[in-house]
Structures are given as structure tokens and as C-alpha cells.
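These notes are about the structure you will find just below.
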Amino acid sequence: MTTFTDDFNRANGAPGANWVDGTGLWTIVSNQLSSGSAGGTIVIRAATAMATNDNSAQVTIAATAAVSHGIWARGNTGFTQGYLWRNDGSSWTLFSVVGGSFTSIGSYAAAAVAGDVVKVQAVGSTIKGFVNGIARVTVTDTAVTTGTSVGLRAESTNSLRFDDFTATDVTSGTTGDAALSGTATLSATGLRATAGASALAATATLSTSGLRATAGDTALTSTASLTADGIRATSGTASLATTAALTAQGQAAYNATTALTATATLTASGSTSTAPIPGDATLSATGTLTAAGTRATSTGTALNAAATLTATGNTAAAGQAALAATATLTASGTTLGTHDDIDVTIGAPYSPWTAGQPYVPAWTVQAPQADDSEVGAPC
């Protein structure tokens with residue numbers, strides 16, 4: 001496969017050894033190719049021939065005019081045959097040229113514009129003319145089947161300028177029983193092409209996250225399924241280990257193929273567990289939540305008796321010790337206790353019976369009343 005390029009970025013003068021003037025006098029002017037000013041139609045071809053008859057040529061039109069100018073592919077050295085994609089100021093026309101005779105085989109109505117990138121391509125019997133990457137004419141033609149020369153044809157006038165010439169062989173696909181080679185390049189359009197006659201190696205399936213492939217004839221290993229949170233895969237032919245379940249607090253997982261341990265239950269006050277719980281271990285007892293707070297034990301220790309919460313404070317015992325007796329003296333003098341053996345001390349006896357002064361008035365003797373009966377002589 002041969003590729004030829006020239007950006008014409010060099011001193012003014014002859015095009016140089018890269019080119020062969022067919023007719024006329026082509027020159028470099030301000031880093032661009034000029035067709036001169038002698039008048040008439042002239043041609044120029046690249047000194048490098050393409051390797052195959054399937055080739056293309058492309059150039060940028062830097063300055064244009066309403067005169068004939070275009071690009072040539074699958075030509076002979078004298079350009080008396082080949083395919084020409086030419087603009088005349090009003091339209092692009094695709095010509096087949098045989099023995100110096102030009103035959104129009106397709107056209108596209110549009111004047112050339114400065115900056116247009118134009119290309120002609122001949123692959124088998126399919127001939128195409130492009131403008132700015134778009135195939136404007138595509139035809140089937142067998143008038144010219146061979147030719148490895150590429151170049152330009154234009155009127156000799158100072159109004160034309162060309163830049164950035166590129167020519168290359170066009171690799172076509174294989175048909176029939178021809179085998180593709182072992183290395184296949186994936187192009188932007190999804191095509192796979194190879195050189196030589198080697199057979200293609202086993203190709204991996206394209207997954208949602210990318211491309212997995214093997215080299216040589218090696219078969220692909222088992223591919224893990226794509227999970228919701230990522231990809232889990234193994235190397236070689238090993239199978240995937242058991243996957244831990246995702247809990248409310250996070251994810252519990254481990255390596256190897258051991259079974260997952262029991263998962264601790266999430267309680268109202270939090271999660272009681274180890275990370276993770278080994279074997280068949282059970283959760284430890286949880287203390288009762290009281291009005292004043294939470295009392296709990298660690299591991300398997302039983303809870304101690306809970307002290308009573310009084311109005312004046314909280315009395316509690318630590319560890320497994322019994323509660324001590326507590327007596328509280330209230331404002332009225334009552335002694336309260338938490339134990340049946342509390343002794344209550346009583347002060348001196350109280351009695352309302354005491355000696356005092358006699359009661360006044362006292363009892364006195366008075367004279368009899370006048371109308372009282374008196375003792376007298378017998379009647």
C-alpha cells in the first residue's frame with residue numbers, strides 16, 4: 001500500500017523532484033501549487049506511483065475561478081487515460097478518459113469554492129467524486145481498469161491555487177474463500193480488515209463496558225455477569241465466588257468460596273454485630289431500655305436487678321451486687337426506706353393531762369331567798 005502527500009510548504013519555484021510536469025509549467029507560489037499563467041490546459045503527476053489500480057487522489061482548492069480544474073486518479077503516466085473529477089465554474093463532472101477522449105459519467109451542480117477539499121476514487125468498477133468528504137457522484141464504470149498515476153489537470157492561470165495533495169491505495173475487501181489475516185483493525189465505522197492470508201483468531205464479544213479479546217488462537221475465558229454496581233470477573237476458567245448480599249448499612253463481602261456468615265439484625269437503637277459474625281455465633285443479649293436511659297450487657301452476661309428510680313434521684317447497683325437499703329427523710333418527718341429492717345426512733349411521749357390552777361368561779365354559800373319555805377311552829 002502506497003501513500004503520497006505534499007503540502008507545498010517550500011520556497012517559490014519548481015515543484016521539485018516529487019512531481020513530473022506533463023505539460024505547461026507548474027510552480028510553487030507562497031507555499032501553494034500554481035498552474036502558471038501561460039494559458040491552455042496542463043497536467044502534472046506525482047512522481048510516486050500507487051501500488052495498485054485501486055487508488056484515490058485528494059487536494060484542497062486554495063483559490064478558484066470559472067475555469068477548468070480538477071484531480072486525477074487511476075491514470076497512466078501521460079494522463080491519456082484515467083478518471084478526472086473536474087469543476088468548470090458551475091458544476092463538478094466525473095470523466096472517464098480513454099485514449100485522450102473524455103466521457104462524462106456523472107455530474108454535481110455546484111461551483112468550486114476556495115477551501116473545498118475534493119477527491120476522486122476508483123475501486124474496481126466503482127468510481128466516486130467527493131466534495132468536502134461527501135460522495136456527490138457514485139457510478140459503475142469499466143472503461144479504465146488499470147492505472148497507478150495520480151495528479152492534477154487545470155487551466156494555466158494565476159487565479160488557481162492548490163494545497164495539501166494526498167494520494168493512496170484503497171484497500172478493498174476480499175470475496176470468495178479468501179481468508180483474513182490474524183490481525184484485524186477495528187475502524188471507526190466498525191469494519192475489520194487485515195493484510196496477508198492468515199486466518200483471524202478467535203474474537204471476543206464486545207461487552208457494554210468495552211472490548212475483550214484474546215491473542216492467537218486462545219479461547220476466551222468465562223466472563224462474569226455485569227452487576228448493578230460494577231463488573232465481577234475471574235481470570236482463567238475459575239468460577240466466581242459467592243457474592244455477599246448488600247445490607248441496609250453497607251455491603252458485607254469477602255474473597256474465596258466460603259459461605260457468608262449470618263448477618264446481625266438492625267435494632268431500633270442501632271446495629272449489634274461484629275464485622276462479620278464468624279461461624280454460627282449468636283448476638284448477645286440486649287438490655288432493656290428504661291425511662292431514664294438504656295442498660296445493656298456485653299456478650300452473654302445477664303442483666304442485674306434494676307434499681308427503682310425515686311422522685312429525689314436514681315439509686316442503682318453496679319455489677320451483680322444486690323441493692324443496698326436506702327432511707328430518705330421527707331419534709332414531714334416520715335422515714336421512707338427500701339428495706340424491711342429499718343428502725344424508726346420515736347421521741348418523748350405526749351400527754352395533754354397536766355396540773356394547773358383551780359377552776360374559777362368556785363362554789364359559794366348564799367342567804368335563802370325570801371319566798372323560800374322556812375321552818376316554823378306547827379300549825
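Under the 4.5 Å side-chain contact rule for hydrophobic residues, Met50 and Trp72 do not share a cluster. A continuous path of hydrophobic side-chain contacts links Val98 to Ile127 [ILVMFWY only; heavy atoms under 4.5 Å]. The cluster map of Ile, Leu, Val, Met, Phe, Trp and Tyr, joined by side-chain heavy atoms under 4.5 Å apart, puts Val67 and Ile42 in the same cluster. Val131 and Leu160 fall within a single hydrophobic cluster, where Ile, Leu, Val, Met, Phe, Trp and Tyr side chains are chained together by heavy-atom contacts under 4.5 Å. Hydrophobic clustering of Ile, Leu, Val, Met, Phe, Trp and Tyr side chains at less than 4.5 Å, counting indirect connections, keeps Val59 apart from Phe130.
In this structure, CD1 on Ile44 lies 5.5 Å from CG on Leu33, to the nearest 0.5 angstrom. Atom OG1 in Thr146 sits 5.5 Å away from atom CG in Asn53 (nearest 0.5 Å). Once rounded to the nearest 0.5 Å, the distance linking CG of Asp116 with CG of Asn87 reads 8.0 Å. Considering CH2 of Trp85 and CD1 of Ile71, their distance stands at 11.5 Å, rounded to 0.5 Å. Taken from CD1 in Ile61 to CD in Gln32, the straight-line distance is 12.0 Å, to the nearest 0.5 Å. Remark: Trp92 CH2 to Arg86 CZ distance equals 10.0 Å, nearest 0.5 Å.
The closest side-chain donor-acceptor pair between Thr166 and Gln58, if any, does not fall under 3.5 angstrom. Inspection of the His69 and Ser35 side chains reveals no N or O donor paired with an N or O acceptor under 3.5 Å. Between the side chains of Thr171 and Asp169, no donor-acceptor pair of N or O atoms lies under 3.5 Å.
Contact of the Thr27 side chain with the Val29 side chain is registered, since non-hydrogen atoms from C-beta on lie closer than 4.5 Å. Using a 4.5 Å cut-off on side-chain heavy atoms (C-beta onward), Thr168 and Ser56 make contact. Counting only heavy atoms from C-beta outward, the side chains of Leu84 and Phe102 approach each other to under 4.5 Å. A 4.5 Å side-chain heavy-atom check between Phe165 and Asp7 finds every atom pair outside the cut-off.
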Could you please spell out the steps behind the side-chain contact (heavy atoms from CB on, under 4.5 Å) verdict for Thr80 and Val97?
CA-CA 7 Å; Thr80 58; Val97 183; 5.7 Å; no
Step by step, would you call Asn76 with Ser149 a side-chain contact (heavy atoms from CB on, under 4.5 Å)?
CA-CA 5 Å; Asn76 61 0; Ser149 293; 5.7 Å; no
Could you go step by step and tell me if Asn18 and Phe4 meet the side-chain contact (heavy atoms from CB on, under 4.5 Å) rule?
CA-CA 9 Å; Asn18 292 337; Phe4 172 84; 4.1 Å; yes
Given Thr41 and Glu155, is the side-chain hydrogen bond (donor to acceptor under 3.5 Å, both in side chains) satisfied, shown in steps?
CA-CA 4 Å; Thr41 302; Glu155 291 288 330; 2.9 Å; yes
Check step by step if side-chain contact (heavy atoms from CB on, under 4.5 Å) holds for Tyr108 and Ser91.
CA-CA 6 Å; Tyr108 165 62; Ser91 64; over 6 Å; no
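Across all their heavy atoms, Ala73 and Val120 have their closest contact at CB-CG1, 3.6 Å. Closest approach of Asn158 to Ser37, counting heavy atoms only: ND2-CB, 3.5 Å. Pairing each heavy atom of Gly151 with each of Phe79, the nearest pair is N-CZ, 3.6 Å. Scanning both residues, Ala154 and Phe162, for their nearest heavy atoms gives CB-CZ, 4.0 Å. Here the shortest heavy-atom pairing between Ala63 and Ala114 reads CA-CB, 4.5 Å. Taking every heavy atom of both residues into account, Val150 and Ala57 meet most closely at CB-CB, 4.1 Å.
For the side chain to side chain donor-acceptor pair (under 3.5 Å) with Arg74, the lone residue among Asn55, Asp54, Thr145 that qualifies is Asp54.
Of the possible polar contacts, none joining the Thr142 side chain to the Ser125 backbone as a donor-acceptor pair under 3.5 Å is found. A donor-acceptor pair under 3.5 Å is formed between the side chain of Asn12 and the backbone N or O of Ser30. In terms of modelled atom types and a separation under 3.5 Å, the side chain of Arg10 and the main chain of Pro15 share a donor-acceptor contact.
Checked against the 6.0 Å centroid criterion, the rings of Trp26 and Phe8 do not qualify as a close aromatic pair.
Salt-bridge check for Asp21 with Arg45: failed, with every basic side-chain N at 4.0 Å or more from each acidic carboxylate O. A salt bridge is absent between Asp163 and Arg161: the closest approach of a Lys/Arg side-chain nitrogen to an acidic carboxylate oxygen does not fall below 4.0 angstrom.
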